[in-house]
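Accompanying notes for the structure given below.
Naming convention: chains lettered A, B, ... in sequence-line order (proteins, then strands); numbering from 1 in each chain.
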Amino acid sequence: MAINIRALPRKEYLCRGNAACPGCPETLGLRYVGMALGDKAVLVVPAGCSSVIQGIGPKNGFAIPTLNIVFAAAAATASGLARAFQRRGVDAQVVVWAGDGGTADIGFQALSGAAERGENIIYICVDNEAYMNTGIQRSGLTPYGAWTTTSHRGKKGHKKPMPEIMVAHRIPYVATASIGYPWDFIAKLRKAAKIKGFKYIHLHAPCPVGWRFDPSLTIKIARLAVETGMWILYEYENGKLKLNPPSDRLLDPSKRKPIEEYIKLQGRFKHLTEKDIEELKKYVEQNWANIRAMLEAQEKQQLSS
Amino acid sequence: MPRMVLTGNHAVSYAVKLARVQVIAIYPITPQTAIVEKLDEMIESGEFDADIIHVESEHSALAAAYGAAVGGARVFTATSSHGLLYMYEVLWWVAASRMPMVMVVVTRAIGPPWNIHTDHHDIMSMRDSGWLLAMAENNQEALDLTLLAYRVSEDPRVYLPVAVGLDGFILSHTAEPVDVPEQSIVDRFLPERRQPYTIEPGTDVSMGNIFSDEYFEELRMDMQKSMLEALNVIREAGREYGRLTGRSYEKLVDCYKCEDADYLFIGIGSWMGDAKIAAEKLREEGLKFGVARLRWIRPFPVDELLEAASGKKLLVVMDRSISMGHTGPLYADVSGATGSRVPVYGVVAGIGGVDVSYKDFVSIGKWAVERLEEEGVTHLPLTWYHNGVFNYMYPVKL
């Protein structure tokens with residue numbers, strides 16, 4: 001789905017003077033949500049950076065009607081909102097805007113339940129790979145080796161494979177996205193809005209404060225994550241997996257930039273040893289191997305039918 | 001008006017249907033489950049037009065009900081014991097959002113060890129949360145209070161959530177004749193849903209982002225003001241309900257032979273029925289007891305309580321829960337309200353569903369009068385009555 005920049009709404013859905021840090025990926029992401037979904041969107045925001053970015057009431061930096069809610073309850077609250085709108089005939093798109101902790105850790109039960117019930121919502125996990133709002137603590141989505149204030153020598157385990165877990169829920173639409181690829185993200189949001197049922201979009205969002213890089217590098221690092229194969233852009237629709245550009249060119253490892261290019265710009269990885277980097281590479285290869293296996297299985301299925 | 005034989009749980013289900021609830025969020029827990037089973041059955045059979053969300057936990061049950069309420073729907077959920085505790089943070093969020101809604105709490109002990117029988121620790125844990133709390137004595141009240149709860153909660157002078165409690169098994173699973181009002185009567189009593197705001201496209205409304213501390217405190221002060229206002233709203237709605245059904249709920253304190261009594265039992269819930277029988281028995285023996293049953297715990301009906309307590313020789317506050325390390329919570333509320341006006345004893349009993357019959361109330365009544373008349377004790381904050389033994393469990397005698 002091609003996105004025409006001239007056809008995007010001029011309206012700003014994120015006001016100036018909001019309380020985000022310089023270089024914040026969440027504000028970028030929210031602007032794209034507004035551009036993609038326009039005036040129909042209603043946000044549900046569990047505890048996290050985005051609770052604070054709204055700024056000090058009674059003013060609010062989001063030009064999208066927003067319901068804040070306790071950490072664990074975003075998907076459940078959104079379920080209720082969506083049911084009320086359906087019942088009252090209100091034309092709306094309920095969107096959860098939750099962080100990695102609010103998705104993979106404390107909010108996971110409510111998320112899984114809402115997915116199983118097939119609630120008509122778009123759930124966006126805006127993944128900055130740690131509890132940034134409370135001061136950079138490790139989460140289930142912090143990558144292997146990353147320093148946080150609760151993993152001083154680097155996290156021992158890998159990221160929880162959230163998009164794959166959501167694919168396993170057999171919901172109609174799962175996609176990965178990156179704030180470095182706005183067209184891709186906007187197209188995926190618009191596609192999701194047309195699908196009835198539970199939609200999950202996992203948005204990779206490099207955080208200058210928590211990852212220890214210069215705020216001017218947010219987009220560059222987001223793009224490097226994809227170009228090195230650390231983050232893979234794909235969508236899973238009606239049971240079919242499809243790689244999206246530029247990840248669709250990166251199945252062949254030789255086409256990818258070395259992951260060191262991504263790692264070296266981030267203070268959170270500066271203590272990594274050769275062995276740690278090998279471990280990360282192994283993990284990346286495993287992710288790609290899973291994708292390749294799924295694509296091959298799909299191809300075989302297609303041939304036999 | 002049809003009279004049906006209904007368990008307390010089913011009486012609630014009928015009230016929910018009569019209230020024309022639009023969205024229900026449910027999660028099973030004993031002894032509440034029969035309420036939502038009945039509602040599910042009513043919806044599946046086409047008898048009741050509502051949407052039901054089969055959530056995966058109580059935390060989500062209240063959150064989903066809240067989301068639907070914010071989205072403009074009249075909602076319902078119910079729970080007990082651990083389920084209520086699991087909802088705890090959401091309880092506070094709902095109340096401070098000023099979002100009208102109704103929940104039924106079928107009271108049950110909190111483990112360990114596992115225990116499904118009634119006591120009031122679960123509902124009493126809600127006292128500080130900003131919910132209005134009512135407690136039924138019988139199945140008729142379970143139905144009536146649920147309807148009343150919607151009217152009070154959605155009144156613009158209140159705009160706070162309401163929880164209605166009923167004792168697990170004693171009411172929830174015991175069938176009694178219940179007058180079920182006609183739909184047309186309920187429709188006259190309960191107007192279309194009103195709420196302070198809805199969050200939907202086309203509005204600039206947001207809820208819950210950060211405010212200054214001063215503004216925050218003012219919001220809490222406003223909640224307390226609305227709680228006070230709720231006393232009058234409950235009376236007004238209760239009077240109106242009486243006019244329409246013949247059963248008035250104007251009084252927040254249900255007084256049984258208070259007027260000429262020397263001594264009062266004070267408490268909440270179904271065991272106050274036993275207290276009333278005991279009052280009769282004690283009167284036969286020359287001890288003039290009455291019963292002041294609090295139908296509402298929050299807002300705390302201080303004015304009616306003081307009126308009932310005026311000129312009495314002794315108040316015996318019966319708590320079916322305890323604030324460990326201090327006293328029963330009702331004792332603390334009542335003695336705090338009465339000050340030095342009248343002697344007050346606090347008795348804790350019936351924890352974990354231990355049966356307390358009218359005979360126990362007779363023993364407690366006699367024991368209390370003896371302490372007062374023979375020993376001249378004016379305040380006994382905590383005596384734990386268990387297996388017929390009075391265990392004094394407070395550091396000092398007053």
Side-chain angles (χ1 to χ4, degrees), chain A residues 19 37-47 50-94 106-107 109-117 119 121, chain B residues 21-25 27 49-75 77 86-94 96-97 99 101 193 195 197-216 219:
Chain A
L37 302 176
D39 291 333
K40 281 189 185 168
V42 174
L43 284 184
V44 175
V45 178
S50 283
S51 324
V52 177
I53 293 170
Q54 291 164 50
I56 307 286
K59 292 174 181 169
N60 191 309
F62 293 1
I64 304 175
T66 301
L67 176 57
N68 289 280
I69 188 64
V70 293
F71 220 163
T77 307
S79 303
L81 253 186
R83 298 285 189 109
F85 292 155
Q86 188 191 11
R87 183 102 206 146
R88 294 178 49 234
V90 176
D91 184 16
Q93 178 59 63
V94 178
I106 193 169
Q109 175 178 302
L111 164 62
S112 180
E116 180 266 329
R117 293 190 302 273
E119 302 290 352
I121 56 185
Chain B
V21 166
Q22 295 162 294
V23 178
I24 299 162
Y27 190 77
D49 179 25
D51 196 3
I52 205 154
I53 313 179
H54 301 90
V55 288
E56 81 301 327
S57 76
E58 287 90 355
H59 195 278
S60 287
L62 189 55
Y66 169 70
V70 172
R74 184 173 284 162
V75 303
T77 189
Y86 196 28
M87 287 179 176
Y88 201 61
E89 66 162 339
V90 193
L91 291 173
W92 291 64
W93 194 271
V94 170
S97 295
M99 192 40 62
M101 69 155 73
R193 176 172 170 83
Q195 60 187 75
Y197 56 89
T198 52
I199 293 183
E200 59 188 354
T203 63
D204 281 331
V205 179
S206 286
M207 173 65 220
N209 62 310
I210 296 167
F211 276 70
S212 73
D213 296 348
E214 286 72 16
Y215 200 102
F216 183 98
L219 290 170

Highest number of heavy-atom pairs under 4.5 Å with chain B: which of A:Val52, A:Ile69, A:Val90?
-> A:Ile69
What distance do A:Ile64 atom CD1 and A:Gln93 atom CD have between them, rounded to the nearest 0.5 Å?
-> 11.5 Å
Parallel, tilted or perpendicular: ring planes of B:Tyr88 versus B:Trp92, cut at 30 and 60 degrees = perpendicular
Contact summary for A:Phe85 and B:Pro201, nearest pair of heavy atoms = CZ-CD, 4.5 Å
Counting only heavy atoms closer than 4.5 Å, note whether A:Glu116 contacts chain B via side chain, backbone, both or neither.
-> neither
In terms of heavy-atom pairs under 4.5 Å with chain A, which of B:Ala63, B:Ala73, B:Gly202, B:Ala65 leads?
-> B:Ala63
Any side-chain heavy atom of B:Glu58 within less than 4.5 Å of one from B:Thr77?
-> no
With a 4.5 Å cut-off on heavy-atom pairs, point out which of A:Ala92, A:Ser79, A:Ala110, A:Ser112 contacts chain B the most.
-> A:Ala110
Under 4.5 Å from a heavy atom of chain B, the part of A:Leu43 involved = neither
How long is the span from the CG atom in A:Leu67 to the CG atom in B:Asn209, to the nearest 0.5 Å?
-> 11.0 Å
What option among A:Ala72, A:Ala19, A:Ala114, A:Ala75 has the most heavy-atom pairs under 4.5 Å with chain B?
-> A:Ala72
Using 4.0 Å as the upper bound for N to carboxylate O, is an ion pair formed by A:Arg83 and B:Asp51?
-> yes
Output the option from B:Ala50, B:Ala64, B:Gly208 having the highest count of non-hydrogen pairs under 4.5 Å with chain A.
-> B:Ala64
Counting only heavy atoms closer than 4.5 Å, note whether A:Gln86 contacts chain B via side chain, backbone, both or neither.
-> side chain
Could you tell me which portion of B:Val55 (side chain, backbone, both or neither) has an atom closer than 4.5 angstrom to a non-hydrogen atom of chain A?
-> both
A:Thr66 versus A:Gln54: any side-chain heavy-atom pair under 4.5 Å?
-> yes
B:Ile52 portion near chain A, given a 4.5 angstrom heavy-atom threshold = backbone
How far does OH of B:Tyr197 sit from OG of B:Ser97, to the nearest 0.5 angstrom?
-> 4.0 Å
Residue, of A:Ala63, A:Ser51, A:Gly55, that accumulates the most heavy atom pairs under 4.5 Å with chain B | A:Gly55
Give the member of A:Val42, A:Asp39, A:Asn60, A:Val70 that has the highest number of heavy-atom pairs under 4.5 Å with chain B.
-> A:Val70
Which value, rounded to the nearest 0.5 Å, describes the distance between A:Arg117 atom CZ and B:Glu56 atom CD?
-> 5.5 Å
Per-residue tally against chain B (heavy atom, under 4.5 Å) across A:Gly57, A:Ala84, A:Ala41 peaks at A:Gly57
